[in-house]
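Sequential numbering from 1 along the given sequence is applied to the chain's residues. On a predicted model such as this, the values are computed, not experimentally measured, just so you know.
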Amino acid sequence: MPKLVPKRITETPAVTIRYRSDTTTHHLVFYTLHCRLRWRSIMDVDPRHYDHVVINDTDIHNIIISYLVHNCYEETAESFIGCTGMKQPADYIEDMEKRKKIINFALEGNALEAIKLTEQFAHDLLEKNNELHFDLLSLHFVNLVCSRKCTEALEFAQTKLTPFEKMEKYVSKLEDILALLAYDEPEKSPMFHYLSPEYRQQVADSLNRAILAHANLPSYTAMERLIKQTTIVRQCLSQETGKDGLPPFSLKDFLRS
């Protein structure tokens with residue numbers, strides 16, 4: 001699967017109603033159809049009749065809209081609903097816009113604004129999820145370090161981060177993050193990954209899933225769950241069949257095929 005680089009959430013040509021053949025989404029959609037067909041076959045159909053199973057359009061539409069809503073592709077979701085005649089989920093556009101703003105702030109490193117909006121939109125979420133709160137505060141600290149605002153970063157760490165040292169599971173990570181202050185070029189330190197776009201993406205993804213779960217919505221898309229389930233089944237089958245059986249399943253190789 002192509003490496004994803006964090007950036008602001010925008011409508012992207014990779015997610016279109018026509019599913020262009022040169023996009024990852026095209027492969028994922030059709031792979032999902034394959035997953036859905038296999039799972040329906042396993043659960044409901046005699047194995048001898050697998051090739052005759054008809055895929056339910058409603059199921060496919062739900063899988064696709066789940067992906068679009070999860071990733072905050074508002075315009076594409078609206079177009080898809082209009083084209084398919086699906087029932088529009090209640091308040092989903094307003095909620096998606098708020099979630100999109102929060103995630104973009106996190107991706108940009110503006111963690112304090114992300115925290116502020118999260119507390120407004122999902123009250124008490126961060127109070128109950130200390131790990132996510134710590135990661136967001138860490139993003140702000142790292143941003144201060146990258147901006148060479150070392151004094152401000154130290155003051156922020158003393159007031160906002162050091163209280164987490166009372167919990168053992170945060171001590172190691174806290175030490176690593178604070179150690180960034182010791183380097184003139186923190187991006188070349190052993191802890192450089194905390195400064196990377198990939199780390200911001202990781203925190204933003206966790207925040208997105210937490211907000212969805214707080215609203216009693218699935219924290220993973222139907223597409224992701226189906227791919228994970230099918231990947232595990234294929235891996236188990238590969239282990240069962242041994243050396244003379246099917247080669248180990250690789251999602252990366254499948255998407256490239």
Side-chain angles (χ1 to χ4, degrees), residues 1-14 24 70-74 96-214 219:
M1 184 179 292
K3 185 177 182 181
L4 300 178
V5 177
K7 58 182 179 180
R8 288 182 60 84
I9 298 173
T10 58
E11 296 299 319
T12 166
T24 300
H70 179 96
N71 291 287
C72 300
Y73 296 129
E74 302 168 46
M96 204 188 314
E97 289 176 349
K98 292 178 180 177
R99 189 159 44 88
K100 183 176 180 178
K101 287 182 180 179
I102 294 171
I103 302 310
N104 279 334
F105 278 128
L107 289 172
E108 293 166 355
N110 192 347
L112 294 186
E113 193 63 28
I115 290 172
K116 177 182 175 181
L117 293 181
T118 298
E119 290 174 341
Q120 294 174 359
F121 181 52
H123 179 65
D124 78 5
L125 168 61
L126 296 179
E127 292 179 13
K128 296 179 178 179
N129 193 330
N130 287 325
E131 184 171 359
L132 180 58
H133 193 193
F134 176 78
D135 286 341
L136 286 168
L137 293 172
S138 298
L139 280 185
H140 180 67
F141 173 81
V142 167
N143 193 48
L144 291 174
V145 173
C146 290
S147 302
R148 302 301 189 266
K149 298 178 180 179
C150 295
T151 301
E152 188 176 344
L154 181 58
E155 292 174 352
F156 180 81
Q158 290 173 337
T159 58
K160 298 295 185 180
L161 291 178
T162 53
F164 285 91
E165 67 183 359
K166 298 176 182 178
M167 293 172 274
E168 186 176 351
K169 66 177 181 178
Y170 299 115
V171 172
S172 178
K173 189 172 183 179
L174 180 59
E175 290 175 347
D176 285 346
I177 292 173
L178 293 179
L180 291 169
L181 286 170
Y183 294 88
D184 293 331
E185 296 180 308
E187 61 277 4
K188 296 181 180 180
S189 72
M191 290 70 69
F192 70 93
H193 58 282
Y194 289 116
L195 284 66
S196 68
E198 289 80 10
Y199 181 68
R200 291 201 303 274
Q201 181 72 67
Q202 177 186 330
V203 176
D205 288 343
S206 296
L207 179 57
N208 188 33
R209 289 194 295 269
I211 292 173
L212 289 166
H214 186 270
S219 54

How close do [X] and [Y] get, heavy atom to heavy atom, and via which atoms?
X      : Y      : answer
Leu174 : Thr162 : CD2-CA, 4.3 Å
Ala213 : Ser219 : CB-CB, 4.4 Å
Val145 : Ala153 : CG2-CB, 4.1 Å
Ala210 : Asn129 : CB-ND2, 4.2 Å
Ala157 : Leu178 : CB-CD2, 3.5 Å
Ala111 : Leu136 : CB-O, 3.0 Å

Between [X] and [Y] (side chain of the first, backbone of the second, donor and acceptor by atom type, cut-off under 3.5 Å), is there such a pair?
X      : Y      : answer
Asp124 : Glu127 : no
Tyr183 : Met191 : no
Arg99  : His70  : yes

[atom1]-[atom2] distance between [X] and [Y], expressed to the nearest 0.5 angstrom:
X      : Y      : atom1 : atom2 : answer
Asp184 : Arg148 : CG    : CZ    : 8.0 Å
Lys160 : Phe134 : NZ    : CZ    : 14.0 Å
Arg200 : Leu207 : CZ    : CG    : 14.5 Å
Phe192 : Leu180 : CZ    : CG    : 11.5 Å
Ile177 : Phe164 : CD1   : CZ    : 10.5 Å
Asp135 : Ser206 : CG    : OG    : 6.5 Å

* Asked: Yes or no on side-chain contact (heavy atoms from CB on, under 4.5 Å) for His214 and Phe121, after CA distance, side-chain angles and deciding distance?
  -> CA-CA 10 Å; His214 186 270; Phe121 181 52; over 6 Å; no

Side-chain heavy atoms of [X] within contact of [Y], under 4.5 Å:
X      : Y      : result
Tyr194 : Lys173 : yes
Leu107 : Val203 : no
Glu97  : Glu74  : yes
His133 : Leu125 : no

* **From CA spacing to verdict: ring-ring contact (aromatic ring centres under 6.0 Å, His included), Phe141, Phe156** => CA-CA 7 Å; Phe141 173 81; Phe156 180 81; 7.1 Å; no

* Asked: Counting only heavy atoms not in Gln120, do more than 12 fall under 6.0 Å of its CD?
  ->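 More than 12 within 6.0 Å, yes.
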
* Start with the C-alpha gap between Leu112 and Phe105, add the side-chain angles, then the distance that decides, and say whether side-chain contact (heavy atoms from CB on, under 4.5 Å) holds. => CA-CA 8 Å; Leu112 294 186; Phe105 278 128; over 6 Å; no

* Any donor-acceptor N or O pair under 3.5 Å, side chains Gln201, Asp205 ->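 Distance-only check passes for Gln201 and Asp205.
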
* Is there a donor in the side chain of His140 and an acceptor in the side chain of Asn110, or the other way round, less than 3.5 Å apart? ->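 There is no such pair (donor and acceptor under 3.5 Å, judged by atom type) between the side chains of His140 and Asn110.
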
* To do: Dump the intermediate steps for side-chain contact (heavy atoms from CB on, under 4.5 Å) on Leu139 and Tyr199, then the final yes or no.
  => CA-CA 9 Å; Leu139 280 185; Tyr199 181 68; 3.7 Å; yes

